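These notes are about the structure you will find just below.
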Amino acid sequence: MATQKVTPIKGSQDHHVHAKHNGEVDIDTVHVSKGAGHQVTWSSDGKAVIAFSSEAGSPFEEAVFHVPAGGSVSSGPARATAEEKTYKYSVVGEKGVNDPTVIIHN
């Protein structure tokens, strides 16, 4: 069984997640502190779509993020009204899909 990589909560930093062509990401779970204004930046070598489409919705203002090939896109800070819980999202790469998580904390 593969080990999951998890980002810790540290100061006011951005969390960088790299998506692969098969939808896999280099960080499976990202902890975001809405009180510290954390945000997630997704990058990819190929095109990727980040979609918060579960019942929980998105902790960010947007629910879908389009990552251009060789580029990146940032989530912006978590909404002030985002609940402290786990949000599952999908990463759709050019050759696959993966479902990592973002956990919101105060």
Side-chain angles (χ1 to χ4, degrees):
M1 182 178 354
T3 58
Q4 290 188 339
K5 187 169 180 186
V6 177
T7 63
I9 296 176
K10 296 179 187 173
S12 61
Q13 71 175 27
D14 294 343
H15 301 287
H16 297 275
V17 178
H18 185 76
K20 300 175 187 172
H21 69 282
N22 61 359
E24 295 291 322
V25 292
D26 62 346
I27 300 173
D28 297 300
T29 302
V30 178
H31 290 266
V32 172
S33 172
K34 65 181 180 179
H38 289 181
Q39 64 180 347
V40 180
T41 299
W42 291 278
S43 63
S44 181
D45 295 332
K47 293 179 190 175
V49 175
I50 310 302
F52 287 86
S53 56
S54 70
E55 270 188 42
S58 174
F60 307 109
E61 290 297 326
E62 300 294 326
V64 178
F65 302 90
H66 295 272
V67 183
S72 64
V73 64
S74 294
S75 64
R79 293 178 290 109
T81 58
E83 293 181 45
E84 291 183 53
K85 65 179 183 179
T86 300
Y87 293 83
K88 184 170 277 300
Y89 65 97
S90 296
V91 177
V92 181
E94 295 173 320
K95 296 184 180 180
V97 178
N98 188 30
D99 295 318
T101 57
V102 171
I103 300 175
I104 301 296
H105 302 276
N106 261 341

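This one's a predicted model, so the numbers in the text were calculated from it and none came from an experiment.
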Quick one: closest heavy-atom pair of Val97 and Ser90, and the distance? CG1-CB, 4.4 Å
Going by heavy atoms in the side chains, are Asn98 and Asn22 under 4.5 Å from each other? no
Step by step, would you call Thr86 with Lys88 a side chain to side chain contact (heavy atoms under 4.5 Å, CB included)? CA-CA 6 Å; Thr86 300; Lys88 184 170 277 300; 5.7 Å; no
Test item: side-chain donor near acceptor, His18 and Ser43, under 3.5 Å: yes
Between Val30 and the options Ile103, Thr101, Val17, the side chain to side chain contact (heavy atoms under 4.5 Å, CB included) test singles out Val17
I want to check something: taking the side chain as every heavy atom from C-beta on, are Asn106 and Lys34 in contact at a cut-off of under 4.5 Å? yes
To the nearest 0.5 Å, how far apart are CH2 in Trp42 and CD1 in Ile27? 11.5 Å
Interatomic distance, NZ@Lys95 vs NE2@His21, rounded to 0.5 Å, equals 5.0 Å
Distance, nearest 0.5 Å, that separates NE2 of His31 from NE2 of His38: 12.0 Å
Tabulate below the donor-acceptor pairs under 3.5 Å that side-chain atoms of residues 51-59 make, not counting sequence neighbours, or state none.
residue : atom : partner : partner atom : Å
Ser54   : OG   : Ala56   : N            : 3.4
Ser58   : OG   : Phe60   : N            : 3.0
Ser58   : OG   : Phe60   : O            : 3.4
Ser58   : OG   : Glu62   : O            : 2.8

Distance (rounded to the nearest 0.5 Å) between His16 NE2 and Gln39 CD: 8.5 Å
So, for Val25 and Ala19, which heavy atoms are closest and what is the spacing to 0.1 Å? CG1-CA, 4.2 Å
Can you get from Val40 to Val73 by hopping between Ile, Leu, Val, Met, Phe, Trp and Tyr side chains that sit under 4.5 Å apart? yes
